[in-house]
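Taking it in order: structure first as structure tokens, then the write-up.
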Amino acid sequence: PALPGYTSYHAFRPQVPGRTTKGGGVSIFIKDTYTSRLVATHEASETIQVLLTIGKTAIQLVACYRTPSQSQESHQAFLKTLEDMNVTPNTIILGDFNYPNIDWAHYSSPNTLAQRFLEFINSNAMEQLVTSPTRRDNILDLITNMGSKCSAPDINPSLVRSDHKLITLDVHIPPPPPEQKTTVKNFSKADFTLLKSEISFKPTGLMETTSQNAESYTTAFYGHLQECMDQAIPTKTKTLSTKGKRPVWWTPAINKLYNKRRKLLQDKAKSHKGKASLISTSKKLRSLIKTSKANFERKIAKDTKDNHKAFFNYVRTLGGNSQICSELVHNDKKFNDPTDIANILADRFSANFSPPSPPKDVVIIPAECNLPVISDIQVKSALNKAKNTASMGPDGIPGCVLRELQDELNPHLKTLFNLSLTTGYVPEHWRTATVVPLHKGGNSTDPGNYRPISLTSLICKAMERIIMELING
């Protein structure tokens, strides 16, 4: 049967030999405004699977009917159809299984035919949503693992010639979070030759240093460096998302086998050959994942000395910790907005620290203190130790720029470091930090389970390294 404005899917009941009447089966009708496709049809067991897509959420709808007089052989085939089904995270099974004496309060039954069916329900963490009779003492089945997203079913009068009452319910599909995009510099495609030539030119603000303090010189230097970087380093658009990503050891070969296995899972009921291919592909996929993961772990363990950041990032993923905080509970209220989360964490972190002292006037240190003068060699050595993998501070200057431009930046930074040292003044650029919340463990929605990580300027860290070496002799 066709219904205008709807896409229809059917699994008709096979014609019984010697029986003159026709009819029976199951159907699913979906509005044409939604995207849907047929996954599988099992006419012998009167079962049909349809995938309904709403936004970015895919829901698997399964319609079934088991006749009360079904033979043992037909019942085994029916149960096998269910057990071979690829139950997705969002699955709704509708129909009438005609199993007697099921206690849905405890998901148990003395009936041997129903026990295997209940095992399928329990193993897939599904639940029966209909608890009141829809025809005499019988109920229609509405079974799903989406219980938290479904409203309580309403039992309404029957439609047309149906002997069962009509069941309606609402399924809440949360809208996908809006994509947050930002523009960042693409340092992998930087033109360092152009950057070196541009940075070598001294603007007016950097020509005369004797009458300047550290703050004014820092402002002029950072302004000049940012202008040069804007000319030599292209930008790219980056999408900020909390969506889970593939593991770092996930290769194109694994992805190809994974997609093949997923397709076979949908089509395996069509032939014995397809099922054999599914078993073979699953074994190959498991073996390839095991090999790829072992090779990756062996490589990062070997390279830990040169790239310890990659090692600890990978270890953090194994523990399930993440620096991305998507939801917090504060004063018994849930907060999902990034601004609210940032403010809650900021209040929590600041409560553990005393307020900063008011800024003091710049004091010139007397000459009799015999402060050392930072040399070109010391600056170059500190810049050469900057790591490309180090997280940059709020000034946006990465380690790769400091290493590549160490000769060009040397005179500027030597002047800046000595001005800061002799005046006892730390520039504003070095007194700000990007604070990242790091989950320590426990409930991820508790603000108390996060500690702050401050990402400061790598240029400031270079000066700190020089001073530390001077103190240690």
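The model shown is predicted, which means the values in this text are computed figures rather than measured ones.
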K461 atom NZ: more than 12 heavy-atom contacts under 6.0 Å | yes

Enclosure of R451 CZ (heavy-atom neighbours >12, cutoff 6.0 Å) | no

Between the CD atom in Q49 and the CG atom in L61, the distance rounded to the nearest 0.5 Å is 10.5 Å

Can you tell me how far CD1 of I459 sits from CD1 of I397, rounded to the nearest 0.5 angstrom?
-> 5.5 Å

Checking the side chain of [X] only, and the main-chain atoms of [Y] only, is there a donor and an acceptor separated by less than 3.5 Å?
X    : Y    : value
S197 : L194 : yes
T281 : S277 : yes
S454 : V435 : no

Do we get R66 above Y99's six-membered ring, with its NZ or CZ under 6.0 Å from the centre and within 45° of the axis?
-> yes

Do the charged groups of E119 and R116 touch, with an N to O distance under 4.0 Å?
-> no

Look at the rings of Y6 and F29 and say which category their plane angle falls in: under 30° parallel, 30 to 60° tilted, over 60° perpendicular.
-> perpendicular

What is the ring orientation for W104 with Y107, classed by angle as parallel under 30°, tilted 30 to 60°, or perpendicular over 60°?
-> perpendicular

Y222 and D395: side chain donor to acceptor below 3.5 Å = yes

Sorted by chain and residue number, the side chain to side chain donor-acceptor pair (under 3.5 Å) partners of K185 (sequence neighbours excluded) come out as D230

Residue pair T168, L166: steps toward the side chain to side chain contact (heavy atoms under 4.5 Å, CB included) verdict = CA-CA 7 Å; T168 61; L166 175 67; 4.1 Å; yes

